[in-house]
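Structure, as structure tokens:
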Amino acid sequence: MQVLGFRFGRAAYLTDFSKIPDSSMALLEGLDELVLDALRDVPHPMHQTVEQALALIQELKPRRAWFTHIAHDLPHAATNERLVKMGFPHVQLAYDGLEFDVQVGATDEIARDHENLRESRTAVAQSRSTRLSAFSTSQAWASRYATFGHTSVLAIGNFDGIHLGHQAILRATVERARALNAVSTVLTFDPSPRKVLRPETAPLRLSTNAQRMEWFNALGLEAVVVLPFTLDLARLSPAEFVEQILLRDLHIKAVLVGENFRFGHQQAGSVKLLSELGAKHGFNVVVVPPVVYRGEVVSSTIIRREVAAGDVSHAARLLGRPFVLTGEVVSGTGTGRRFTFPTLNLATEQELLPARGVYITRTCLEGETRSHRSVTNIGMRPTFNGSALGIETHLLDVQLPSTPKRMEVRFWKRLREEKKFSSPEELRAQIAADIARANSFFSRLRRARTVHFLSLSSRTRSRTGTR
């Protein structure tokens, strides 16, 4: 049997091949990462062309794909731009130093649903720095970079939650900045424009500013400008916004935005107008198409709806990671320790909370690098006639010698709604059952971690280099 590719967890690497057997196709569907041969545009008997590889990607539907074994007649920046314009923002050419984390995963339904929720952060090789520089004004960015002749490739948006669609824009920004030897930069706002202009309609935010900074850094961005959104900023016309901020201060070479991007006074600026201003002033505008997951356009609005309804599993698929609550650990009433199970009580920093109920979670404590299995309750403690909403987490695999100052709770799956029980003993029995279900859930995931090898038709090749 000739082995021409490998499946490892939620990823696969396919080397030189001309055809994939039907028996192997099922093992390749819906992966997180797919690396495959796409050597050239000209047909070749032993290699996929870009057109053939894209047809395969449409059939297999990976969350992200990388082309390797690239011939020199496929320039990186131009080909990546072509892929975006063709509607494949999640497909890029591989490059030297490319890294991504893969959670070794399984074939059962639980693993398919959850192993794409990576708990470790994406590692992206960068040409300049591995640490994000944050600025509160565009002039501060100019003092740091433009003074020394640097230009920027800019992504603009609110980026609340930094979901899969946002990630497509940000990764494309990093790649283009690398190709142009520019500073990959995000321009975002705090508070959000709607909170200032129409506060009564402003949605609850999925993420804190600190979380956005963490994920900008994880995705490989070099700089972020967080502009305080004020009425003065809102009064700038589209042309003034471009000329005063993007050109004068940020020295843009290219701007990447989503299809629905609006800017300037009364949102008068559209993607079309931005492109016209780009042509006038000499910068490129790249409109990144939305990411579609199982027929649904990924958006912050949909994720907010799912979180609020308690469907944290679906929300996590659209985010590309679990929904997270962070904050300080505060003193509770002591009810859990006296009557049921000891818990850590979270004073969350997030605006949006999952629906009341009991959840399978993983909890990361301040000062620790690994997370702990946990069960988390969001609710009013009706069995004890509670009057205030609380977030209580019971750790399943550790007994703490002291109480941490802060923690992060990652939501994997909802177990049940909150319920009032007739006695503390009945509640304790139910919590014990919840803990058993959570342990069973994590045990199934752990047992499922195996490595799958794929048999592909064609000859074995050992070459694995990328450009």
Side-chain angles (χ1 to χ4, degrees), residues 109-110 113-114 204 305-316 322-366 368 371-447:
E109 182 176 357
I110 294 293
D113 281 347
H114 292 280
L204 297 177
R305 180 194 71 197
E306 297 305 302
V307 170
D311 193 349
V312 293
S313 298
H314 188 207
F323 176 74
V324 169
L325 295 181
T326 58
E328 294 184 355
V329 179
V330 296
S331 299
T333 62
T335 302
R337 190 171 298 277
R338 290 198 306 271
F339 296 106
T340 56
F341 292 86
T343 60
L344 297 173
N345 297 272
L346 177 67
T348 184
E349 299 161 339
Q350 272 68 31
E351 295 179 353
L352 181 66
L353 299 181
R356 296 180 190 177
V358 179
Y359 296 85
I360 296 174
T361 56
R362 291 195 73 95
T363 299
C364 191
L365 307 176
E366 186 178 45
E368 295 187 359
S371 61
H372 301 280
R373 297 180 179 188
S374 51
V375 170
T376 298
N377 179 75
I378 299 178
M380 306 289 290
R381 296 182 292 275
T383 302
F384 300 99
N385 299 315
S387 58
L389 184 72
I391 304 170
E392 304 170 294
T393 294
H394 173 67
L395 304 180
L396 307 186
D397 54 7
V398 67
Q399 290 185 341
L400 301 177
S402 61
T403 301
K405 292 183 179 180
R406 292 180 58 81
M407 68 179 182
E408 174 184 278
V409 182
R410 304 166 185 171
F411 287 77
W412 283 58
K413 181 181 177 65
R414 193 183 194 202
L415 286 175
R416 61 177 176 87
E417 296 180 350
E418 187 179 41
K419 176 184 176 182
K420 182 172 183 175
F421 294 89
S422 60
S423 67
E425 292 74 23
E426 186 181 3
L427 172 59
R428 181 181 174 84
Q430 178 59 60
I431 294 175
D434 296 335
I435 291 171
R437 288 180 63 190
N439 276 322
S440 176
F441 172 88
F442 286 119
S443 295
R444 288 199 303 274
L445 285 182
R446 186 171 185 176
R447 286 196 303 268

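Only heavy atoms go into these numbers, but all of them, side chains included; no hydrogens, no water, no symmetry mates.
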Would you compute the distance between atom [atom1] of [X] and atom [atom2] of [Y] and round it to the nearest 0.5 angstrom?
X    : Y    : atom1 : atom2 : result
N377 : I431 : CG    : CD1   : 7.5 Å
E408 : L346 : CD    : CG    : 10.5 Å
I391 : Q350 : CD1   : CD    : 8.5 Å
K413 : D311 : NZ    : CG    : 9.0 Å

Contacts of F323 that satisfy ring-ring contact (aromatic ring centres under 6.0 Å, His included) - sequence neighbours left out =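 Per chain and number, F323 pairs via ring-ring contact (aromatic ring centres under 6.0 Å, His included) with no residue.
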
query = Which residues pass the ring-ring contact (aromatic ring centres under 6.0 Å, His included) test with H394, sequence neighbours left out?
reply =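 Checked H394 against ring-ring contact (aromatic ring centres under 6.0 Å, His included); matches are F341.
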
query = Between E417 and K419, is there a side-chain N and carboxylate O pair less than 4.0 Å apart?
reply =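 No, no charged N to carboxylate O under 4.0 Å.
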
Six-ring centre of F441, R373 cation under 6.0 angstrom, axis tolerance 45° =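 R373 over F441 ring: no.
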
task = Measure the shortest side-chain to side-chain distance between R410 and T361 over non-hydrogen atoms and say whether it is less than 4.5 angstrom.
result =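 Counting from C-beta outward, R410 and T361 never come under 4.5 Å.
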
Results of salt bridge (charged side-chain N to carboxylate O under 4.0 Å, His left out) for [X] - residues two or more places apart only:
X    : result
R437 : none
E426 : none
E351 : K195

ask   = Does anything in residues 413-435 pair up under ring-ring contact (aromatic ring centres under 6.0 Å, His included), and if so which pairs, sequence neighbours excluded?
value =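 As it turns out, there is no ring-ring contact (aromatic ring centres under 6.0 Å, His included) pair with a partner in residues 413-435 once direct neighbours are skipped.
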
Partners of [X] by side-chain hydrogen bond (donor to acceptor under 3.5 Å, both in side chains), sequence neighbours excluded?
X    : answer
T363 : S374
S402 : none
R356 : none
D434 : R416, Q430

task = Mind checking side chain to side chain contact (heavy atoms under 4.5 Å, CB included) for P382 and listing every partner two or more places apart, or none if nothing turns up?
result =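 P382 satisfies side chain to side chain contact (heavy atoms under 4.5 Å, CB included) with E418, K420 once adjacent residues are dropped.
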
message = Taking CD in E366 as the centre, count heavy atoms belonging to other residues, nucleotides or ligands within less than 6.0 Å. Is the count above 12?
response =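 More than 12 within 6.0 Å, yes.
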
